[in-house]
Every structure is written in C-alpha cells, then in structure tokens.
Amino acid sequence: MIRKLTNAAAAVLLTGVALATPAAAEEGPSDMQIAHIAYTAGNLDIRYAHLALAKSNNPEVRKFAELMIRDHESVNEQAVALLTKLGATPEDNPTSQQLTASANTKLNEMARMDGAAFDRAYAANELGYHQFVNQTVETSFIPAVDNREFKNLLKSALQVFKVHEQHAEQMVQALR
C-alpha cells in the first residue's frame with residue numbers, strides 16, 4: 001500500500017496526473033529510485049534558482065534563490081556521500097525523467113518572463129514545488145524507504161525544505 005502511495009504521489013509531483021506504468025504503480029519505486037527522484041528534484045530546484053539569479057533584480061527573490069542553491073546542493077552532497085558509503089547507485093526511472101521534462105517546460109516558460117511577472121512566477125512555482133515535494137517526502141517517501149540512513153537523510157532534508165516552503169509563502173505574499 002505504501003509503495004502504491006509513493007508511486008502515485010511521485011507521479012502527481014510531476015504533473016498532477018498519474019505517469020507511472022501500471023506495473024510500476026503496483027510495486028512502487030525502490031529506495032534507489034526514490035533517491036534518484038529526490039536528487040533530481042533538488043537539482044531542478046537549483047536550476048530554477050539559477051534562472052532566478054539570471055532574471056531577477058529583486059533582492060528578496062535573489063536571496064531566496066541563493067538559499068535554494070546552497071541548501072539543495074548541501075542535501076544532494078549528503079545524498080551522494082551516503083550512496084558512496086553504501087556502495088549504492090541511484091536508479092533512473094520514468095518518474096525522474098518526467099519530473100525533468102516537466103521542469104524543462106516550466107523553466108522555458110519562466111525564461112520568457114521579465115521583471116515582476118518573473119518574480120511572481122518564480123515565487124509561486126517555489127511555493128507549489130515545495131508544498132508538493134514536502135508532502136510527498138513526508139507521507140510517501142519516508143514511510144516507504146527501507147534503509148534507515150536514507151530515511152534519516154530524508155527526514156533531515158524535509159525539515160530544511162519545510163523552512164523553504166515558509167519562505168516561499170512569504171515571498172509570494174510580498175510580491176502580490
């Protein structure tokens with residue numbers, strides 16, 4: 001049941017619709033597939049942040065983007081260190097691939113924006129992204145992961161990402 005929820009949540013994370021194959025939905029992602037999804041999500045948020053630094057002159061947006069780069073790089077470095085220690089390799093999967101494709105579409109859309117329109121779009125995307133990622137990590141990934149150290153890393157990262165969500169919410173309100 002948890003595996004089904006995990007896969008369904010990951011699929012919704014991508015586009016709001018089920019994207020997984022029926023077979024994958026039955027089994028749910030493995031720890032290494034979850035690791036790949038989480039790492040991919042972190043890297044994509046770093047890409048959003050680099051776009052914000054390239055497009056925005058708003059000091060609060062730029063400060064938030066710098067925080068996203070610093071924190072997501074830190075979490076991803078911790079994940080790589082753990083995987084190296086465990087001798088494990090993250091497994092690419094359709095969810096990670098669809099997550100990347102969806103983010104590319106969003107990045108292209110936001111790259112065509114300027115000024116306040118870009119700032120509002122970036123803030124809204126960050127809020128929505130963190131809300132859903134945090135929910136997915138908390139209710140689906142953490143309960144489904146078997147490896148204790150990986151589970152602890154997800155729990156630790158979730159605390160950081162919840163702070164990001166609060167900051168993103170404040171940024172959205174300030175940019176109205």
- [ ] May I ask whether F150 and F141 are part of the same hydrophobic cluster, defined by side-chain heavy atoms of I, L, V, M, F, W, Y residues being less than 4.5 angstrom apart, directly or through others?
- [x] yes
Open item on the list: Quick check on the hydrophobic clustering: are I69 and L44 connected, directly or via other members, by side-chain heavy-atom contacts under 4.5 Å?
Closed with: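 Looking at the clustering, L44 is in a separate group from I69.
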Main-chain N/O of [Y] paired to [X] side chain as donor or acceptor, under 3.5 Å:
X: Y129; Y: A41; answer: yes
X: N125; Y: A121; answer: no
X: S56; Y: A52; answer: no

- [ ] List for me each residue that meets ring-ring contact (aromatic ring centres under 6.0 Å, His included) alongside H164, sequence neighbours excluded, and say none if there are none.
- [x]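 Listed in chain order: H72, H130, F161.
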TODO: Could you tell me which residues satisfy ring-ring contact (aromatic ring centres under 6.0 Å, His included) with Y39, sequence neighbours excluded, listed by chain and number?
DONE: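 Expected list: none.
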Taking all non-hydrogen atoms of both residues into account, name the closest pair between [X] and [Y] and its distance.
X: G28; Y: Q33; result: O-OE1, 4.1 Å
X: A65; Y: Y122; result: CA-OH, 3.5 Å
X: M68; Y: A49; result: CB-CB, 3.9 Å
X: D31; Y: A144; result: OD1-O, 4.0 Å

Task: Which residues share a side-chain hydrogen bond (donor to acceptor under 3.5 Å, both in side chains) with S74, sequence neighbours left out - done: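 For S74, the residues satisfying side-chain hydrogen bond (donor to acceptor under 3.5 Å, both in side chains) (neighbours in sequence not counted) are Q78.
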Open item on the list: Holding to side-chain hydrogen bond (donor to acceptor under 3.5 Å, both in side chains), I want the full list of residues that pass it with N43, two or more places apart in sequence or in another chain.
Closed with: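 N76.
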[atom1]/[X] to [atom2]/[Y] distance, rounded to the nearest 0.5 angstrom?
X: L67; Y: F64; atom1: CG; atom2: CZ; answer: 6.5 Å
X: L51; Y: L107; atom1: CG; atom2: CG; answer: 6.0 Å
X: L127; Y: Q173; atom1: CG; atom2: CD; answer: 9.0 Å
X: N58; Y: R120; atom1: CG; atom2: CZ; answer: 11.0 Å
X: N93; Y: I37; atom1: CG; atom2: CD1; answer: 4.5 Å
X: L153; Y: L158; atom1: CG; atom2: CG; answer: 11.0 Å

- [ ] Before giving the answer on side chain to side chain contact (heavy atoms under 4.5 Å, CB included), spell out for Q170 and H167 the whole-Å C-alpha distance, their side-chain angles and the decisive distance to 0.1 Å.
- [x] CA-CA 5 Å; Q170 293 168 356; H167 287 176; 4.0 Å; yes
Pairs in or reaching into [range]: which pass salt bridge (Lys or Arg N to Asp or Glu O under 4.0 Å), with residues at least two apart or in two chains?
range: residues 51-73; value: K55-D114
range: residues 39-53; value: none
range: residues 86-103; value: none
range: residues 126-145; value: E138-K162

TODO: Kindly give the cluster partners of V163, where membership spreads through any ILVMFWY side chain lying under 4.5 Å from a current member.
DONE: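 Grouped by the 4.5 Å side-chain rule, V163 forms a cluster of one, so the answer is none.
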TODO: Evaluate whether atom CG of N57 has more than 12 neighbouring non-hydrogen atoms of other residues, nucleotides or ligands under 6.0 angstrom away.
DONE: no
TODO: Taking side chain to side chain contact (heavy atoms under 4.5 Å, CB included) as the test, write out the residues that go with A88, two or more places apart.
DONE: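 So A88 forms a side chain to side chain contact (heavy atoms under 4.5 Å, CB included) with M32, L83, L86.
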Open item on the list: For A123, give me all partners under side chain to side chain contact (heavy atoms under 4.5 Å, CB included), at least two apart in sequence or on another chain.
Closed with: M171, V172, L175
Open item on the list: Tell me which pairs pass side-chain hydrogen bond (donor to acceptor under 3.5 Å, both in side chains) where either residue lies in residues 147-159, with sequence neighbours left out.
Closed with: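 For residues 147-159, and leaving out neighbouring residues, the side-chain hydrogen bond (donor to acceptor under 3.5 Å, both in side chains) pairs sorted by first residue read K85-E149.
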TODO: Answer yes or no: is there a side-chain heavy-atom contact under 4.5 Å between E169 and Q166?
DONE: no
